[in-house]
> 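Handing you this structure, nothing more for now.
Any value given below was found using the heavy atoms of this structure, including those in side chains, with hydrogens, waters and symmetry copies removed. Sequence positions, counted from 1, serve as the residue numbers for this chain.
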Amino acid sequence: FDLLRQYEDEHGDCNVPTSRSRVAEKYKSLPTWVKKQREAVRGYDGNSSSPELGLNEERWQRLMDLGLVVVDVKENRRRKDDMWEQKFQLLLDYKAGHGKRSLPSYSRSSELEEKYKPLLSWVSTQRSALRAFEEDPSQKRASRMT
């Protein structure tokens, strides 16, 4: 907790990167600890001590007071699904206006209307996810590509 407080003092927030390689040496233990605290906060019912989570009301309150951001997993999934739908609709819009013509490559992106430029990386990601799924259908992202 004290290390998180130091991080917050230095950075102005508790948004510790999830990767240990992206934090200073003195904060190397924080990404794992913060992840566990977020999981504990999400699982905390607020009524009693949760020894298996290592969290009680006092610890929960200290984390909230410090400003630990805990993302609602369902809300985060909903936002990602909404973004996917928006990009997919934009792709349909592109296809409606351009027929069967594919998006230009990155090197020719200057030919693309500004509103369609975000599709370049999104389509690339979808293609990669689809290839990975075709190689191993048991992958988690089977129902929705990124």
> Nearest 0.5 Å please: distance from the CG atom of Asp81 over to the CD atom of Gln86.
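Nearest 0.5 Å value for the CG-CD distance: 11.5 Å.
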> Output all residues satisfying salt bridge (charged side-chain N to carboxylate O under 4.0 Å, His left out) with Arg108, sequence neighbours left out; order by chain, then residue number.
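If we apply the salt bridge (charged side-chain N to carboxylate O under 4.0 Å, His left out) test to Arg108, skipping adjacent residues, the hits are Glu111.
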> What is the minimum heavy-atom distance between Tyr7 and Pro17, and which atoms define it?
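Closest pair (atom of Tyr7, atom of Pro17, distance): OH-CD, 3.4 Å.
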> Do Glu58 and Gln61 make a side-chain contact, defined as non-hydrogen atoms from C-beta onward lying under 4.5 Å apart?
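A side-chain contact under 4.5 Å is absent here.
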> Are Tyr27 and Leu4 packed together at the side-chain level, in the sense that at least one heavy-atom pair is separated by less than 4.5 angstrom?
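Sidechains of Leu4 and Tyr27: no contact.
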> Are any of the side-chain heavy atoms of Lys80 and Glu85 separated by less than 4.5 Å?
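A side-chain contact is absent here, since even the closest heavy-atom pair is not under 4.5 Å.
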> Assess whether salt bridge (charged side-chain N to carboxylate O under 4.0 Å, His left out) is satisfied between Glu10 and Lys26, documenting all intermediate values.
CA-CA 12 Å; Glu10 189 174 314; Lys26 67 182 177 180; 3.1 Å; yes
> About how many Å separate OG of Ser128 and CZ of Arg131, when rounded to the nearest 0.5 Å?
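If we round to the nearest 0.5 Å, Arg131:CZ and Ser128:OG are 4.5 Å apart.
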> Please indicate whether Met64 has more than 12 foreign heavy atoms, meaning atoms of other residues, nucleotides or ligands, lying under 6.0 Å from its CE.
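Above 12, so yes.
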> For Asp82, is there an ion pair with Arg78 - N to carboxylate O distance below 4.0 angstrom?
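Here Arg78 pairs with Asp82 in a salt bridge, since their nearest N and O are under 4.0 Å apart.
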> Give the minimum heavy-atom separation between Lys28 and Ser21, together with the two atoms involved.
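Taking every non-hydrogen atom into account, NZ-CA, 3.8 Å.
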> Atom CG of Leu130 and atom CD of Glu135: how far apart are they, to the nearest 0.5 Å?
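Rounded to the nearest 0.5 Å, the CG-CD separation comes out at 10.0 Å.
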> Nearest 0.5 angstrom please: Lys87 NZ to Ser121 OG, how far?
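Here the interatomic distance stands at 6.0 Å.
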> Is the NZ or CZ atom of Arg62 both under 6.0 Å from the centre of the six-membered ring of Phe1 and within 45° of that ring's axis?
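Yes, cation above the ring, under 6.0 Å and within 45°.
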> Rounded to the nearest 0.5 Å, how far does OG1 of Thr32 lie from NZ of Lys36?
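OG1 of Thr32 is found 6.5 Å from NZ of Lys36.
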> With clusters defined by side-chain heavy atoms of hydrophobic residues (ILVMFWY) lying less than 4.5 Å apart, directly or transitively, does Val23 cluster with Leu66?
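Same cluster.
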> Tell me, do Pro104 and Leu112 make a side-chain contact under 4.5 Å, heavy atoms counted?
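Contact flag for Pro104/Leu112 side chains = yes.
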> Rounded to the nearest 0.5 Å, what separation is found between the CG atom of Leu119 and the OG atom of Ser124?
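The CG atom of Leu119 sits 12.0 Å away from the OG atom of Ser124.
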> Who passes ring pair (Phe, Tyr, Trp, His ring centres under 6.0 Å) against Phe88, sequence neighbours left out?
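Once residues adjacent in sequence are excluded, the partners of Phe88 under the ring pair (Phe, Tyr, Trp, His ring centres under 6.0 Å) criterion are Trp84.
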> Can you list everything that forms a salt bridge (charged side-chain N to carboxylate O under 4.0 Å, His left out) with Lys35? Sequence neighbours excluded, please.
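With neighbours one apart ignored, the set is empty.
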> Does anything in residues 115-129 form a salt bridge (charged side-chain N to carboxylate O under 4.0 Å, His left out)? List the pairs, not counting sequence neighbours.
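Residue pairs with at least one partner in residues 115-129: Asp93-Lys115, Glu114-Lys117.
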> Heavy-atom distance under 4.5 Å between the side chains of Val34 and Arg38, does that happen here?
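A side-chain contact under 4.5 Å exists here.
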> Mind checking what makes side-chain hydrogen bond (donor to acceptor under 3.5 Å, both in side chains) contact with Asp2, not counting sequence neighbours?
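So Asp2 forms no side-chain hydrogen bond (donor to acceptor under 3.5 Å, both in side chains) with any residue.
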> If the condition is side-chain hydrogen bond (donor to acceptor under 3.5 Å, both in side chains), which residues does Ser105 pass it with, not counting sequence neighbours?
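Partners of Ser105 by the side-chain hydrogen bond (donor to acceptor under 3.5 Å, both in side chains) criterion, ordered by chain and then number, come out as Ser107.
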> Are side-chain heavy atoms of Thr125 and Trp122 found at a separation under 4.5 Å?
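Heavy-atom side-chain distance check fails, nothing below 4.5 Å.
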